[in-house]
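Chain identifiers are assigned alphabetically (A, B, ...) following the order of the sequence lines, protein sequences preceding nucleic acid strands; residue numbering begins at 1 within each chain. Every heavy atom of this structure was used, including side-chain atoms; hydrogens, water molecules and symmetry mates were not.
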There are 2 protein chains.
Amino acid sequence: MARTTEKLDEKIRARNIRIILDVATDVFSRKGFDGARIAEIAELANLPKANIYYYFSSKEDIYSTIITNLIAGWDDALSKLRVDQDPADALRQYVRAKLVYARENPRESRLFASEIIQGARFLSKKDRAHMRAATDRYVAVLDQWMQEGRMRKIDARHFFIMLWGATQFYSDFEPLACDALHRNSLSEQDYDSAVDTIVSSIVSGVIPVAQPNR
Amino acid sequence: MARTTEKLDEKIRARNIRIILDVATDVFSRKGFDGARIAEIAELANLPKANIYYYFSSKEDIYSTIITNLIAGWDDALSKLRVDQDPADALRQYVRAKLVYARENPRESRLFASEIIQGARFLSKKDRAHMRAATDRYVAVLDQWMQEGRMRKIDARHFFIMLWGATQFYSDFEPLACDALHRNSLSEQDYDSAVDTIVSSIVSGVIPVAQPNR
DNA sequence: CTAAAAATTGACGACCTGGTCAGGTTACAG
DNA sequence: CTGTAACCTGACCAGGTCGTCAATTTTTAG
(Lines give C-alpha, C1' and ligand atoms only; values in the text may rest on other atoms or scores of the structure.)
Protein backbone atom coordinates (compact mmCIF):
# COMPACT_ATOMS: atom_id res chain seq x y z
CA MET A 1 0.00 0.00 0.00
CA ALA A 2 1.73 3.13 -1.19
CA ARG A 3 1.64 6.10 1.07
CA THR A 4 1.11 8.73 -1.58
CA THR A 5 -1.90 7.15 -3.23
CA GLU A 6 -3.88 6.49 -0.12
CA LYS A 7 -7.03 8.19 -1.22
CA LEU A 8 -7.75 6.15 -4.30
CA ASP A 9 -6.33 3.06 -2.70
CA GLU A 10 -8.85 3.40 0.00
CA LYS A 11 -11.66 3.96 -2.40
CA ILE A 12 -11.18 0.97 -4.67
CA ARG A 13 -9.62 -1.33 -2.11
CA ALA A 14 -12.07 -0.44 0.62
CA ARG A 15 -15.03 -0.81 -1.66
CA ASN A 16 -14.06 -4.20 -3.05
CA ILE A 17 -13.01 -5.53 0.33
CA ARG A 18 -16.31 -4.39 1.79
CA ILE A 19 -18.27 -6.07 -0.98
CA ILE A 20 -16.29 -9.29 -0.70
CA LEU A 21 -16.66 -9.45 3.07
CA ASP A 22 -20.35 -8.69 2.76
CA VAL A 23 -21.21 -11.46 0.34
CA ALA A 24 -18.74 -13.83 2.02
CA THR A 25 -20.62 -13.33 5.28
CA ASP A 26 -23.72 -14.47 3.50
CA VAL A 27 -22.15 -17.55 1.96
CA PHE A 28 -20.23 -18.62 5.07
CA SER A 29 -23.32 -18.18 7.22
CA ARG A 30 -25.32 -20.45 4.94
CA LYS A 31 -22.69 -23.11 4.28
CA GLY A 32 -20.12 -23.01 7.07
CA PHE A 33 -16.40 -22.73 6.42
CA ASP A 34 -15.88 -26.07 4.68
CA GLY A 35 -19.06 -25.89 2.67
CA ALA A 36 -18.54 -22.36 1.37
CA ARG A 37 -17.04 -21.98 -2.10
CA ILE A 38 -14.92 -19.06 -3.20
CA ALA A 39 -16.51 -19.31 -6.63
CA GLU A 40 -19.91 -18.54 -5.12
CA ILE A 41 -18.54 -15.58 -3.24
CA ALA A 42 -16.97 -14.27 -6.44
CA GLU A 43 -20.18 -14.70 -8.36
CA LEU A 44 -22.29 -12.86 -5.78
CA ALA A 45 -19.68 -10.12 -5.58
CA ASN A 46 -19.69 -9.77 -9.38
CA LEU A 47 -15.93 -10.21 -9.45
CA PRO A 48 -13.77 -12.81 -11.12
CA LYS A 49 -12.50 -15.35 -8.64
CA ALA A 50 -8.90 -14.31 -9.20
CA ASN A 51 -9.79 -10.81 -8.05
CA ILE A 52 -10.86 -12.18 -4.69
CA TYR A 53 -7.36 -13.55 -4.30
CA TYR A 54 -5.92 -10.16 -5.14
CA TYR A 55 -7.40 -8.83 -1.90
CA PHE A 56 -7.32 -11.90 0.30
CA SER A 57 -4.65 -14.55 0.50
CA SER A 58 -6.96 -17.47 1.21
CA LYS A 59 -10.41 -18.63 2.15
CA GLU A 60 -9.34 -18.68 5.78
CA ASP A 61 -8.11 -15.10 5.48
CA ILE A 62 -11.59 -13.91 4.48
CA TYR A 63 -13.23 -16.00 7.15
CA SER A 64 -10.99 -14.88 10.00
CA THR A 65 -11.40 -11.25 9.01
CA ILE A 66 -15.16 -11.57 9.20
CA ILE A 67 -15.02 -13.21 12.60
CA THR A 68 -12.76 -10.60 14.12
CA ASN A 69 -14.93 -7.81 12.69
CA LEU A 70 -18.14 -9.28 14.00
CA ILE A 71 -16.80 -9.76 17.48
CA ALA A 72 -15.79 -6.13 17.52
CA GLY A 73 -19.22 -5.08 16.27
CA TRP A 74 -20.81 -7.27 18.85
CA ASP A 75 -19.74 -5.66 22.03
CA ASP A 76 -20.22 -2.27 20.48
CA ALA A 77 -23.85 -3.15 19.95
CA LEU A 78 -24.42 -4.69 23.35
CA SER A 79 -25.96 -2.58 26.01
CA LYS A 80 -23.47 -2.21 28.82
CA LEU A 81 -24.45 -3.17 32.33
CA ARG A 82 -23.46 -0.71 35.03
CA VAL A 83 -23.62 -1.31 38.76
CA ASP A 84 -25.48 1.93 39.40
CA GLN A 85 -28.36 0.96 37.10
CA ASP A 86 -31.57 -0.62 38.26
CA PRO A 87 -31.01 -4.37 37.72
CA ALA A 88 -34.39 -5.00 36.12
CA ASP A 89 -34.03 -2.04 33.74
CA ALA A 90 -30.47 -2.94 32.90
CA LEU A 91 -31.32 -6.56 32.12
CA ARG A 92 -34.19 -5.48 29.92
CA GLN A 93 -31.94 -3.16 27.98
CA TYR A 94 -29.35 -5.90 27.64
CA VAL A 95 -31.80 -8.48 26.34
CA ARG A 96 -33.31 -5.94 24.00
CA ALA A 97 -29.92 -4.90 22.62
CA LYS A 98 -28.97 -8.50 22.00
CA LEU A 99 -32.22 -9.27 20.21
CA VAL A 100 -32.02 -6.12 18.12
CA TYR A 101 -28.52 -7.09 17.06
CA ALA A 102 -29.68 -10.62 16.26
CA ARG A 103 -32.52 -9.24 14.17
CA GLU A 104 -30.38 -6.76 12.30
CA ASN A 105 -27.39 -9.03 11.77
CA PRO A 106 -28.70 -12.55 11.38
CA ARG A 107 -25.95 -13.57 8.96
CA GLU A 108 -23.18 -12.57 11.34
CA SER A 109 -25.01 -14.31 14.14
CA ARG A 110 -25.32 -17.53 12.19
CA LEU A 111 -21.78 -17.40 10.87
CA PHE A 112 -20.49 -17.12 14.40
CA ALA A 113 -22.74 -19.91 15.60
CA SER A 114 -21.55 -22.10 12.76
CA GLU A 115 -17.95 -21.44 13.68
CA ILE A 116 -18.52 -22.36 17.32
CA ILE A 117 -20.51 -25.48 16.52
CA GLN A 118 -17.73 -26.63 14.25
CA GLY A 119 -15.29 -26.37 17.12
CA ALA A 120 -14.21 -22.71 17.09
CA ARG A 121 -11.33 -23.68 14.81
CA PHE A 122 -10.69 -20.19 13.49
CA LEU A 123 -11.63 -18.14 16.52
CA SER A 124 -8.33 -16.59 17.51
CA LYS A 125 -7.01 -16.77 21.06
CA LYS A 126 -7.11 -13.02 21.16
CA ASP A 127 -10.79 -12.92 20.24
CA ARG A 128 -11.57 -15.60 22.78
CA ALA A 129 -9.69 -13.79 25.52
CA HIS A 130 -11.55 -10.63 24.57
CA MET A 131 -14.89 -12.37 24.96
CA ARG A 132 -13.91 -13.98 28.24
CA ALA A 133 -12.89 -10.61 29.65
CA ALA A 134 -16.20 -9.07 28.58
CA THR A 135 -18.06 -11.90 30.29
CA ASP A 136 -16.07 -11.41 33.48
CA ARG A 137 -16.99 -7.74 33.57
CA TYR A 138 -20.68 -8.54 33.20
CA VAL A 139 -20.46 -11.22 35.86
CA ALA A 140 -18.79 -8.76 38.23
CA VAL A 141 -21.70 -6.36 37.89
CA LEU A 142 -24.23 -9.07 38.67
CA ASP A 143 -22.19 -10.30 41.62
CA GLN A 144 -22.11 -6.76 42.99
CA TRP A 145 -25.90 -6.49 42.68
CA MET A 146 -26.28 -9.76 44.51
CA GLN A 147 -23.98 -8.62 47.28
CA GLU A 148 -26.06 -5.49 47.69
CA GLY A 149 -29.21 -7.57 47.90
CA ARG A 150 -30.62 -6.04 44.71
CA MET A 151 -30.66 -9.39 42.97
CA ARG A 152 -31.27 -12.93 44.15
CA LYS A 153 -28.17 -15.06 44.49
CA ILE A 154 -27.72 -17.21 41.42
CA ASP A 155 -24.74 -18.26 39.35
CA ALA A 156 -24.10 -15.21 37.19
CA ARG A 157 -22.13 -17.19 34.59
CA HIS A 158 -24.90 -19.70 33.97
CA PHE A 159 -27.35 -16.84 34.03
CA PHE A 160 -25.57 -15.12 31.14
CA ILE A 161 -25.37 -18.35 29.22
CA MET A 162 -29.13 -18.56 29.61
CA LEU A 163 -29.60 -15.07 28.23
CA TRP A 164 -27.27 -15.71 25.30
CA GLY A 165 -28.94 -18.96 24.43
CA ALA A 166 -32.42 -17.51 24.65
CA THR A 167 -31.59 -14.53 22.45
CA GLN A 168 -29.32 -16.38 20.02
CA PHE A 169 -32.12 -18.77 19.22
CA TYR A 170 -34.15 -16.20 17.32
CA SER A 171 -31.48 -15.57 14.73
CA ASP A 172 -29.66 -18.89 14.56
CA PHE A 173 -32.65 -21.18 14.71
CA GLU A 174 -35.08 -18.87 12.99
CA PRO A 175 -36.88 -21.67 11.12
CA LEU A 176 -37.60 -23.40 14.43
CA ALA A 177 -38.66 -20.17 16.09
CA CYS A 178 -41.04 -19.50 13.21
CA ASP A 179 -42.52 -22.98 13.54
CA ALA A 180 -42.91 -22.62 17.29
CA LEU A 181 -44.64 -19.26 16.92
CA HIS A 182 -46.76 -20.33 13.92
CA ARG A 183 -45.22 -17.66 11.72
CA ASN A 184 -43.75 -17.50 8.26
CA SER A 185 -41.26 -14.90 9.38
CA LEU A 186 -40.60 -12.98 12.55
CA SER A 187 -41.95 -9.45 12.80
CA GLU A 188 -40.73 -6.65 15.00
CA GLN A 189 -43.66 -7.37 17.29
CA ASP A 190 -42.50 -10.94 17.69
CA TYR A 191 -39.13 -9.64 18.83
CA ASP A 192 -40.88 -7.32 21.27
CA SER A 193 -42.84 -10.25 22.66
CA ALA A 194 -39.60 -12.16 22.98
CA VAL A 195 -38.06 -9.39 25.06
CA ASP A 196 -41.15 -9.17 27.23
CA THR A 197 -41.36 -12.89 27.82
CA ILE A 198 -37.69 -13.35 28.56
CA VAL A 199 -37.42 -10.33 30.82
CA SER A 200 -40.62 -10.87 32.73
CA SER A 201 -39.80 -14.54 33.22
CA ILE A 202 -36.37 -13.97 34.63
CA VAL A 203 -37.18 -10.80 36.54
CA SER A 204 -40.31 -11.87 38.39
CA GLY A 205 -40.31 -15.61 37.79
CA VAL A 206 -43.16 -17.53 36.29
CA ILE A 207 -44.57 -19.02 39.47
CA PRO A 208 -46.85 -16.81 41.58
CA VAL A 209 -45.60 -16.24 45.10
CA ALA A 210 -48.81 -17.40 46.73
CA GLN A 211 -49.40 -20.54 44.79
CA PRO A 212 -52.84 -22.12 45.01
CA ASN A 213 -52.98 -25.91 45.32
CA ARG A 214 -54.96 -27.25 42.36
CA MET B 1 -34.06 -58.01 1.13
CA ALA B 2 -34.91 -61.66 0.89
CA ARG B 3 -37.38 -63.02 3.33
CA THR B 4 -35.68 -66.33 4.02
CA THR B 5 -32.29 -64.94 4.96
CA GLU B 6 -33.50 -62.25 7.28
CA LYS B 7 -31.37 -63.22 10.19
CA LEU B 8 -28.00 -62.77 8.54
CA ASP B 9 -29.26 -59.82 6.59
CA GLU B 10 -30.14 -58.11 9.76
CA LYS B 11 -26.88 -58.90 11.45
CA ILE B 12 -24.48 -57.66 8.81
CA ARG B 13 -26.72 -54.95 7.43
CA ALA B 14 -27.77 -53.66 10.81
CA ARG B 15 -24.24 -53.61 12.11
CA ASN B 16 -22.74 -51.77 9.16
CA ILE B 17 -25.59 -49.33 8.92
CA ARG B 18 -25.25 -48.60 12.60
CA ILE B 19 -21.51 -48.00 12.29
CA ILE B 20 -21.93 -45.79 9.24
CA LEU B 21 -24.66 -43.70 10.85
CA ASP B 22 -22.60 -43.41 14.02
CA VAL B 23 -19.44 -42.06 12.42
CA ALA B 24 -21.47 -40.02 9.94
CA THR B 25 -23.15 -38.27 12.85
CA ASP B 26 -19.72 -37.33 14.07
CA VAL B 27 -18.52 -36.00 10.73
CA PHE B 28 -21.72 -34.14 9.85
CA SER B 29 -21.84 -32.56 13.30
CA ARG B 30 -18.30 -31.24 12.89
CA LYS B 31 -18.50 -30.12 9.27
CA GLY B 32 -22.12 -29.57 8.33
CA PHE B 33 -23.72 -31.19 5.30
CA ASP B 34 -21.69 -29.46 2.60
CA GLY B 35 -18.42 -29.68 4.45
CA ALA B 36 -18.67 -33.38 5.29
CA ARG B 37 -16.84 -35.80 3.01
CA ILE B 38 -17.96 -39.34 2.36
CA ALA B 39 -14.31 -40.38 2.23
CA GLU B 40 -13.86 -39.32 5.85
CA ILE B 41 -16.95 -41.21 6.93
CA ALA B 42 -15.65 -44.31 5.16
CA GLU B 43 -12.24 -43.97 6.77
CA LEU B 44 -13.64 -43.61 10.29
CA ALA B 45 -15.99 -46.52 9.68
CA ASN B 46 -13.09 -48.66 8.43
CA LEU B 47 -14.98 -49.41 5.25
CA PRO B 48 -14.13 -48.73 1.63
CA LYS B 49 -16.05 -45.79 0.29
CA ALA B 50 -17.88 -47.96 -2.21
CA ASN B 51 -19.27 -50.00 0.65
CA ILE B 52 -20.95 -46.93 2.08
CA TYR B 53 -22.80 -46.62 -1.21
CA TYR B 54 -23.88 -50.23 -0.97
CA TYR B 55 -26.00 -49.30 2.04
CA PHE B 56 -26.90 -45.71 1.27
CA SER B 57 -27.80 -44.23 -2.07
CA SER B 58 -26.29 -40.80 -1.45
CA LYS B 59 -24.81 -38.38 1.05
CA GLU B 60 -28.24 -36.89 1.53
CA ASP B 61 -29.65 -40.34 2.22
CA ILE B 62 -27.29 -40.79 5.17
CA TYR B 63 -27.92 -37.28 6.42
CA SER B 64 -31.71 -37.46 6.29
CA THR B 65 -31.71 -40.81 8.02
CA ILE B 66 -29.71 -39.36 10.89
CA ILE B 67 -32.01 -36.37 11.22
CA THR B 68 -35.18 -38.42 11.29
CA ASN B 69 -33.65 -40.77 13.86
CA LEU B 70 -32.51 -38.01 16.14
CA ILE B 71 -35.86 -36.27 16.12
CA ALA B 72 -37.47 -39.52 17.15
CA GLY B 73 -34.91 -40.01 19.92
CA TRP B 74 -35.45 -36.46 21.01
CA ASP B 75 -39.00 -36.52 22.12
CA ASP B 76 -38.49 -39.92 23.62
CA ALA B 77 -35.84 -38.41 25.87
CA LEU B 78 -37.78 -35.29 26.77
CA SER B 79 -39.62 -35.23 30.00
CA LYS B 80 -43.31 -34.83 29.27
CA LEU B 81 -45.25 -32.02 30.85
CA ARG B 82 -48.61 -32.97 32.30
CA VAL B 83 -51.28 -30.59 33.51
CA ASP B 84 -51.68 -32.40 36.83
CA GLN B 85 -48.03 -31.91 37.75
CA ASP B 86 -46.72 -29.14 39.93
CA PRO B 87 -45.52 -26.51 37.40
CA ALA B 88 -42.23 -25.82 39.17
CA ASP B 89 -41.42 -29.52 39.48
CA ALA B 90 -42.45 -30.22 35.92
CA LEU B 91 -40.34 -27.40 34.51
CA ARG B 92 -37.35 -28.55 36.51
CA GLN B 93 -37.72 -32.07 35.14
CA TYR B 94 -38.09 -30.74 31.63
CA VAL B 95 -34.99 -28.57 31.81
CA ARG B 96 -33.05 -31.39 33.41
CA ALA B 97 -34.10 -33.90 30.74
CA LYS B 98 -33.12 -31.53 27.99
CA LEU B 99 -29.71 -30.86 29.49
CA VAL B 100 -29.08 -34.55 30.13
CA TYR B 101 -29.89 -35.28 26.51
CA ALA B 102 -27.63 -32.45 25.37
CA ARG B 103 -24.82 -33.78 27.53
CA GLU B 104 -25.21 -37.37 26.38
CA ASN B 105 -25.79 -36.63 22.70
CA PRO B 106 -23.76 -33.57 21.84
CA ARG B 107 -23.07 -34.75 18.29
CA GLU B 108 -26.75 -35.16 17.49
CA SER B 109 -27.46 -31.82 19.09
CA ARG B 110 -24.83 -30.06 17.02
CA LEU B 111 -25.78 -31.83 13.82
CA PHE B 112 -29.34 -30.69 14.24
CA ALA B 113 -28.25 -27.15 15.06
CA SER B 114 -26.06 -27.13 11.98
CA GLU B 115 -28.95 -28.23 9.83
CA ILE B 116 -31.22 -25.50 11.15
CA ILE B 117 -28.61 -22.77 10.86
CA GLN B 118 -28.01 -23.78 7.27
CA GLY B 119 -31.67 -23.26 6.55
CA ALA B 120 -33.31 -26.57 7.50
CA ARG B 121 -32.82 -27.73 3.92
CA PHE B 122 -33.14 -31.44 4.68
CA LEU B 123 -35.58 -31.35 7.55
CA SER B 124 -38.62 -33.07 6.09
CA LYS B 125 -42.06 -31.52 6.26
CA LYS B 126 -43.15 -34.52 8.27
CA ASP B 127 -40.44 -34.01 10.87
CA ARG B 128 -41.24 -30.33 11.07
CA ALA B 129 -44.94 -30.98 11.51
CA HIS B 130 -44.09 -33.51 14.19
CA MET B 131 -42.06 -30.91 16.10
CA ARG B 132 -44.72 -28.25 15.71
CA ALA B 133 -47.32 -30.60 17.12
CA ALA B 134 -45.12 -31.43 20.09
CA THR B 135 -44.65 -27.73 20.77
CA ASP B 136 -48.37 -27.12 20.60
CA ARG B 137 -48.99 -29.82 23.20
CA TYR B 138 -46.46 -28.26 25.58
CA VAL B 139 -47.90 -24.82 25.03
CA ALA B 140 -51.37 -26.14 25.82
CA VAL B 141 -50.19 -27.44 29.17
CA LEU B 142 -48.66 -24.10 30.11
CA ASP B 143 -51.76 -22.22 28.97
CA GLN B 144 -53.86 -24.45 31.16
CA TRP B 145 -51.63 -23.76 34.16
CA MET B 146 -51.93 -20.05 33.51
CA GLN B 147 -55.69 -20.26 33.28
CA GLU B 148 -55.77 -22.02 36.63
CA GLY B 149 -53.59 -19.33 38.15
CA ARG B 150 -50.75 -21.73 38.85
CA MET B 151 -48.42 -19.85 36.56
CA ARG B 152 -47.99 -16.18 35.70
CA LYS B 153 -49.36 -15.17 32.33
CA ILE B 154 -46.57 -15.07 29.80
CA ASP B 155 -46.30 -16.09 26.17
CA ALA B 156 -45.81 -19.85 26.39
CA ARG B 157 -44.27 -20.08 22.93
CA HIS B 158 -41.56 -17.56 23.61
CA PHE B 159 -41.08 -19.17 26.98
CA PHE B 160 -40.27 -22.52 25.38
CA ILE B 161 -37.94 -20.89 22.91
CA MET B 162 -36.13 -19.45 25.89
CA LEU B 163 -35.79 -22.87 27.50
CA TRP B 164 -34.59 -24.46 24.29
CA GLY B 165 -32.05 -21.76 23.66
CA ALA B 166 -30.74 -21.83 27.20
CA THR B 167 -30.31 -25.61 27.21
CA GLN B 168 -29.14 -25.95 23.63
CA PHE B 169 -26.29 -23.59 24.34
CA TYR B 170 -24.43 -26.07 26.52
CA SER B 171 -24.02 -28.64 23.78
CA ASP B 172 -23.96 -26.53 20.64
CA PHE B 173 -21.77 -23.73 21.89
CA GLU B 174 -19.74 -25.77 24.33
CA PRO B 175 -16.49 -23.90 23.66
CA LEU B 176 -18.19 -20.63 24.59
CA ALA B 177 -19.84 -22.14 27.64
CA CYS B 178 -16.46 -23.44 28.78
CA ASP B 179 -14.92 -20.01 28.34
CA ALA B 180 -17.75 -18.31 30.19
CA LEU B 181 -17.47 -20.75 33.10
CA HIS B 182 -13.66 -20.77 33.11
CA ARG B 183 -13.54 -24.49 32.43
CA ASN B 184 -11.68 -26.76 30.06
CA SER B 185 -14.66 -29.05 29.83
CA LEU B 186 -18.07 -29.23 31.44
CA SER B 187 -18.53 -31.61 34.35
CA GLU B 188 -21.73 -33.15 35.59
CA GLN B 189 -21.73 -30.59 38.38
CA ASP B 190 -21.65 -27.80 35.83
CA TYR B 191 -24.76 -29.25 34.26
CA ASP B 192 -26.37 -29.45 37.69
CA SER B 193 -25.55 -25.79 38.26
CA ALA B 194 -27.03 -24.99 34.88
CA VAL B 195 -30.30 -26.68 35.81
CA ASP B 196 -30.39 -24.88 39.15
CA THR B 197 -29.66 -21.47 37.68
CA ILE B 198 -32.12 -21.80 34.84
CA VAL B 199 -34.91 -23.21 36.96
CA SER B 200 -34.51 -20.90 39.92
CA SER B 201 -34.29 -17.88 37.61
CA ILE B 202 -37.44 -18.62 35.72
CA VAL B 203 -39.41 -20.04 38.63
CA SER B 204 -38.83 -17.34 41.24
CA GLY B 205 -37.29 -14.59 39.16
CA VAL B 206 -34.01 -12.94 39.89
CA ILE B 207 -35.29 -9.73 41.43
CA PRO B 208 -36.33 -9.82 45.09
CA VAL B 209 -39.95 -8.93 45.68
CA ALA B 210 -39.17 -6.19 48.15
CA GLN B 211 -36.48 -4.41 46.28
CA PRO B 212 -34.37 -1.89 48.22
CA ASN B 213 -33.63 1.41 46.50
CA ARG B 214 -29.85 1.80 46.35
C1' DC C 1 1.62 13.07 -21.57
C1' DT C 2 4.39 9.49 -19.09
C1' DA C 3 5.73 6.05 -16.05
C1' DA C 4 4.81 3.42 -12.31
C1' DA C 5 1.65 1.52 -9.15
C1' DA C 6 -2.72 -0.63 -8.57
C1' DA C 7 -6.27 -3.38 -10.20
C1' DT C 8 -8.11 -6.90 -13.28
C1' DT C 9 -8.76 -11.43 -15.25
C1' DG C 10 -8.72 -15.72 -18.39
C1' DA C 11 -6.53 -19.79 -18.35
C1' DC C 12 -4.55 -23.29 -15.87
C1' DG C 13 -2.86 -27.01 -12.47
C1' DA C 14 -3.02 -30.24 -8.87
C1' DC C 15 -5.95 -32.26 -6.15
C1' DC C 16 -10.42 -33.51 -4.23
C1' DT C 17 -15.51 -34.56 -4.64
C1' DG C 18 -19.72 -37.58 -4.84
C1' DG C 19 -20.95 -41.36 -7.09
C1' DT C 20 -20.56 -45.74 -10.37
C1' DC C 21 -19.52 -50.31 -11.76
C1' DA C 22 -17.90 -54.70 -12.92
C1' DG C 23 -15.97 -58.41 -11.08
C1' DG C 24 -14.97 -60.49 -7.05
C1' DT C 25 -15.81 -63.00 -2.15
C1' DT C 26 -18.60 -64.70 1.66
C1' DA C 27 -22.49 -66.90 3.87
C1' DC C 28 -26.07 -69.84 3.95
C1' DA C 29 -30.26 -72.64 2.45
C1' DG C 30 -31.31 -77.03 0.70
C1' DC D 1 -21.47 -79.76 -2.08
C1' DT D 2 -23.88 -76.26 -4.85
C1' DG D 3 -26.31 -72.41 -6.23
C1' DT D 4 -27.72 -67.98 -5.16
C1' DA D 5 -28.34 -63.91 -2.75
C1' DA D 6 -25.95 -60.80 -0.02
C1' DC D 7 -21.88 -58.46 0.50
C1' DC D 8 -17.46 -56.30 -0.74
C1' DT D 9 -14.15 -53.23 -3.18
C1' DG D 10 -10.33 -51.36 -6.42
C1' DA D 11 -10.45 -48.66 -10.16
C1' DC D 12 -12.49 -45.19 -12.35
C1' DC D 13 -15.09 -40.82 -13.97
C1' DA D 14 -16.89 -36.25 -14.65
C1' DG D 15 -17.08 -32.31 -12.53
C1' DG D 16 -15.70 -29.26 -8.87
C1' DT D 17 -12.16 -27.22 -5.43
C1' DC D 18 -8.65 -23.76 -3.97
C1' DG D 19 -5.21 -21.19 -5.35
C1' DT D 20 -1.57 -19.32 -9.03
C1' DC D 21 0.24 -16.54 -12.61
C1' DA D 22 1.47 -13.93 -16.41
C1' DA D 23 -0.39 -10.72 -19.30
C1' DT D 24 -3.36 -6.81 -19.60
C1' DT D 25 -5.96 -2.59 -18.43
C1' DT D 26 -6.94 1.20 -15.35
C1' DT D 27 -5.66 4.77 -12.25
C1' DT D 28 -2.92 8.27 -10.49
C1' DA D 29 1.11 11.21 -9.37
C1' DG D 30 4.06 14.51 -11.35
Novice: B/Asn51 has an atom CG; how far is it from atom P of D/dA11, in whole Å?
Specialist: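 My rounded result for the distance is 16 Å.
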
Novice: B/Pro48 has a side chain; which of C/dT9, D/dG10, C/dG18 sits nearest to it?
Specialist: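 Nearest to the side chain of B/Pro48 among the choices is D/dG10.
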
Novice: Reckon A/Phe56 touches a base, only the sugar-phosphate, or nothing at all at heavy-atom distances under 4.0 Å?
Specialist: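 It contacts nothing in the nucleic acid.
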
Novice: For residues A/Phe160 and A/Tyr94, establish whether the separation of their ring centroids is below 6.0 Å.
Specialist: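 Aromatic pair counts; centres sit under 6.0 Å.
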
Novice: How long is the line joining CG of A/Asn46 and P of C/dT8, in whole Å?
Specialist: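 Those two atoms, CG and P, are 13 Å apart.
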
Novice: Do you know the tightest heavy-atom contact between A/Ser29 and A/Leu111?
Specialist: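 Scanning both residues completely, I find the closest heavy atoms to be CB-N, 3.8 Å.
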
Novice: Can the ring centroids of A/Trp164 and B/Phe173 be said to lie less than 6.0 angstrom from one another?
Specialist: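 Ring centres of B/Phe173 and A/Trp164 not closer than 6.0 Å.
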
Novice: Is the phosphate of C/dA6, meaning OP1 or OP2, less than 4.0 Å from a side-chain N or O of A/Arg13?
Specialist: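 A/Arg13 to C/dA6 OP1/OP2: no side-chain N or O under 4.0 Å.
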
Novice: In whole Å, what is the span from the CG atom of B/Leu47 to the C1' atom of D/dC8?
Specialist: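 Atom-to-atom, B/Leu47 to D/dC8, this comes out as 10 Å.
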
Novice: Provide, to the nearest angstrom, the distance between the CG atom belonging to A/Asn16 and the P atom belonging to C/dA7.
Specialist: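 It works out to 8 Å between those atoms.
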
Novice: Under the side-chain contact (heavy atoms from CB on, under 4.5 Å) test against B/Val27, which residue among B/Leu44, B/Ile38, B/Ile62 passes?
Specialist: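 Option passing the side-chain contact (heavy atoms from CB on, under 4.5 Å) with B/Val27: B/Leu44.
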
Novice: Counting the atoms with a prime plus P, OP1 and OP2 as sugar-phosphate, which does B/Ala36 contact under 4.0 Å by heavy atoms, base, sugar-phosphate, or nothing?
Specialist: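 It contacts sugar-phosphate atoms only.
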
Novice: Could you say whether A/Ala50 or A/Ala39 is positioned toward the 5' end of DNA chain D, judged by the nucleotide with the nearest heavy atom to each?
Specialist: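 It is A/Ala39 whose nearest nucleotide is closer to the 5' end.
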
Novice: What is the distance from CZ of A/Arg15 to C1' of C/dT8, rounded to the nearest Å?
Specialist: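 So the CZ-C1' distance, A/Arg15 to C/dT8, works out to 14 Å.
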
Novice: Are B/Tyr53 and C/dC21 close enough that a side-chain N or O sits under 4.0 Å from OP1 or OP2?
Specialist: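 So the side chain of B/Tyr53 is outside the cut-off, no N or O lying under 4.0 Å from OP1 or OP2 of C/dC21.
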
Novice: Write down the distance between CD1 (A/Ile12) and P (C/dA7), rounded to a whole number of angstrom.
Specialist: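 Whole-Å distance recorded here is 6 Å.
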
Novice: For the side chain of A/Lys59, counting heavy atoms from C-beta on, which of C/dT9, D/dC7, D/dC18 is nearest?
Specialist: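 Per side-chain heavy atoms of A/Lys59, the pick is D/dC18.
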
Novice: Is it the case that C/dG18 (base atoms only) and B/Lys49 (side chain only) share a donor and an acceptor within less than 3.5 Å, ignoring hydrogens and angles?
Specialist: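 Counting by modelled atom types and ignoring angles, a donor-acceptor contact under 3.5 Å is found here.
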
Novice: Using atom OH of A/Tyr55 as one end and atom P of C/dT9 as the other, report the distance to the nearest whole Å.
Specialist: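 So the OH-P distance, A/Tyr55 to C/dT9, works out to 10 Å.
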
Novice: Measuring from the side chain of A/Tyr54 (C-beta onward, heavy atoms only), which nucleotide among C/dG19, C/dA6, D/dG19 has the closest atom?
Specialist: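 Comparing C/dG19, C/dA6, D/dG19 against the side chain of A/Tyr54, the answer is C/dA6.
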
Novice: Can you measure A/Ile41 atom CD1 to D/dG19 atom C1' for me and round it to whole angstrom units?
Specialist: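 Answer to the nearest Å: 13 Å.
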
Novice: Are B/Phe28 and B/Phe122 near enough that their ring centres are under 6.0 Å apart?
Specialist: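 Between B/Phe28 and B/Phe122, the centre distance exceeds or equals 6.0 Å.
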
